[in-house]
Chemist: 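Here it is, the structure in full.
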Amino acid sequence: MSTHDPLTDAAAADAATVSAAAELASAARELADAVRALAERAPHDPDALLTAEQLGDLLRLSPRTLKEQAAAGLIPHRKFGKHYRFSRDDAAEIVRLARKTPMPQRREFRAA
């Protein structure tokens, strides 16, 4: 027959609770630090212009594709010398244009 000491069991449970709380507090501090670091890198000016690289990251598009489409006049942009810049309104318009652009039809190839 095993004997359990209720005080020892309670102390062990309290130690586990304290350990879990400490881990949770540490994770919360780490998350807060990460959010703070992201906030420091985010553009503070909503009117700031985005580079093709920044817009490409947002839209998951190649910066080269954005530059080529801008050069062809297919998407709204600003050009400063050889540099392309995009406002947030430009980005919204690019997304709107992409929604109404029909998908190209796939050709079926026949074996000869």
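Note that this is a predicted model, so its numbers are computed, not measured.
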Chemist: Between the main-chain N or O of Leu66 and the side-chain N or O of Gln69, is there a donor-acceptor pair closer than 3.5 Å?
Modeler: no

Chemist: Considering only heavy atoms from C-beta outward, does the side chain of Lys82 approach that of Lys67 to under 4.5 Å?
Modeler: no

Chemist: Salt bridge or not for Asp90 and Arg78, using N-O below 4.0 Å?
Modeler: yes

Chemist: Are Leu49 and Arg88 side-chain neighbours, meaning at least one heavy-atom pair lies under 4.5 Å?
Modeler: no

Chemist: Which atom pairs, one a donor and one an acceptor, fall under 3.5 Å between side chains of residues 19-27 and the rest of the protein, sequence neighbours left out?
Modeler:
none

Chemist: Using side-chain heavy atoms (C-beta onward) and a distance below 4.5 Å, is Pro63 in contact with Thr51?
Modeler: no

Chemist: With rounding to the nearest 0.5 angstrom, report the CZ to CD distance, Arg96 to Glu93.
Modeler: 4.0 Å

Chemist: Using a 4.5 Å cut-off on heavy atoms from C-beta on, say whether the side chain of His83 contacts that of Lys79.
Modeler: no

Chemist: To check you understand the geometry: which heavy-atom pair defines the closest contact between Leu55 and Phe86, and what is its length?
Modeler: CD2-CG, 3.5 Å

Chemist: How long is the straight-line distance from CG of Leu59 back to CD1 of Ile75, given to the nearest 0.5 Å?
Modeler: 9.0 Å

Chemist: By the ring pair (Phe, Tyr, Trp, His ring centres under 6.0 Å) test, which pairs, at least two apart or in different chains, include something from residues 51-81?
Modeler: His77-Tyr84

